[in-house]
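The model shown is predicted, which means the values in this text are computed figures rather than measured ones. Index from 1, following the sequence.
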Amino acid sequence: TDYIGRGELSERQMQMGQFLRQLTRLAEEFGVAVLITNQVVANPDGMSFAKDSTKPIGGNIIAHASTTRLRMRKGRGENRICTVYDSPTLAEADAQFAIGTAGVCDCTD
């Protein structure tokens, strides 16, 4: 469903919360991992010299529903960098990998 403007923000957040609670219940009941993706946008309020000038558009509702948050970013060529952004059990760390014709594999130089 498309929502237009801030006037519908409350309804959107409520529906998003209900959906995320259902996902959490399914994950706990069946013992499966749930992967949620979230788009990021440039933060015009942020300082241009700041380490991270992006912010997730899903809002706090997605952050609160997530146990571990990872940030993916593009490296050189086909390389990607995955950063543990927020986790109760994992330390902040980076892992590098590549995506090629064979799928996910070790980094290329």
Side-chain angles (χ1 to χ4, degrees):
T1 305
D2 289 336
Y3 293 93
I4 301 169
R6 290 189 177 267
E8 299 176 358
L9 181 63
S10 175
E11 180 186 349
R12 181 182 68 189
Q13 293 293 77
M14 278 189 351
Q15 287 188 349
M16 188 77 123
Q18 290 172 354
F19 179 73
L20 292 170
R21 279 190 296 282
Q22 288 174 347
L23 279 177
T24 301
R25 279 190 220 116
L26 287 171
E28 290 172 352
E29 183 177 343
F30 295 105
V32 296
V34 174
L35 177 69
I36 303 168
T37 61
N38 193 7
Q39 181 180 352
V40 295
V41 294
N43 184 5
D45 298 336
M47 308 277 182
S48 61
F49 57 86
K51 181 180 178 185
D52 180 24
S53 61
T54 61
K55 70 176 191 174
I57 63 170
N60 291 332
I61 192 110
I62 290 182
H64 290 300
S66 304
T67 302
T68 297
R69 295 192 289 167
L70 305 173
R71 169 192 277 152
M72 306 286 194
R73 65 183 191 273
K74 190 169 181 342
R76 289 192 176 128
E78 296 178 346
N79 293 341
R80 303 293 184 267
I81 303 164
C82 176
T83 304
V84 176
Y85 185 74
D86 181 29
S87 175
T89 57
L90 300 172
E92 287 191 21
D94 289 341
Q96 295 188 23
F97 61 95
I99 300 176
T101 55
V104 178
C105 53
D106 290 334
C107 278
T108 58
D109 291 330

Rounded to the nearest 0.5 angstrom, the CG-CG distance for Leu23 and Leu35 is 10.5 Å
Interatomic distance, CZ@Arg80 vs CG@Asp94, rounded to 0.5 Å, equals 15.0 Å
Nearest heavy-atom approach of Glu78 to Gly100 is OE1-CA, 3.6 Å
Heavy-atom closest pair (Ala65 atom, Leu20 atom, distance to 0.1 Å) is CB-CD1, 3.7 Å
Of all heavy-atom pairs linking Val40 and Pro56, the shortest is CG1-CA, 3.9 Å
Rounding to 0.5 Å, atoms CE (Met72) and CD1 (Ile99) come to a distance of 8.0 Å
Scanning both residues in full, the closest heavy-atom pair of Phe97 with Cys82 reads CE2-CB, 3.8 Å
Note: Ala98 and Cys107 closest approach over all heavy atoms is CB-CA, 4.1 Å
Answer with yes or no whether the hydrophobic clustering places Phe19 together with Leu26; edges join I, L, V, M, F, W, Y residues whose side-chain heavy atoms lie under 4.5 Å apart.
-> no
Closest non-hydrogen atoms of Gly75 and Ile81, given as atom of the first, atom of the second and distance, are CA-CD1, 4.4 Å
Residues at least two apart in sequence or cross-chain that pass salt bridge (charged side-chain N to carboxylate O under 4.0 Å, His left out) with Asp86, listed by chain then number, are Arg69
One should read off an interatomic distance between Tyr85 OH and Leu70 CG, to the nearest 0.5 angstrom, of 12.0 Å
To the nearest 0.5 Å, atom OG1 of Thr24 lies from atom CD of Glu29 at 12.5 Å
Distance col, row Thr37:OG1 vs Ile62:CD1, nearest 0.5 angstrom, shows 8.0 Å
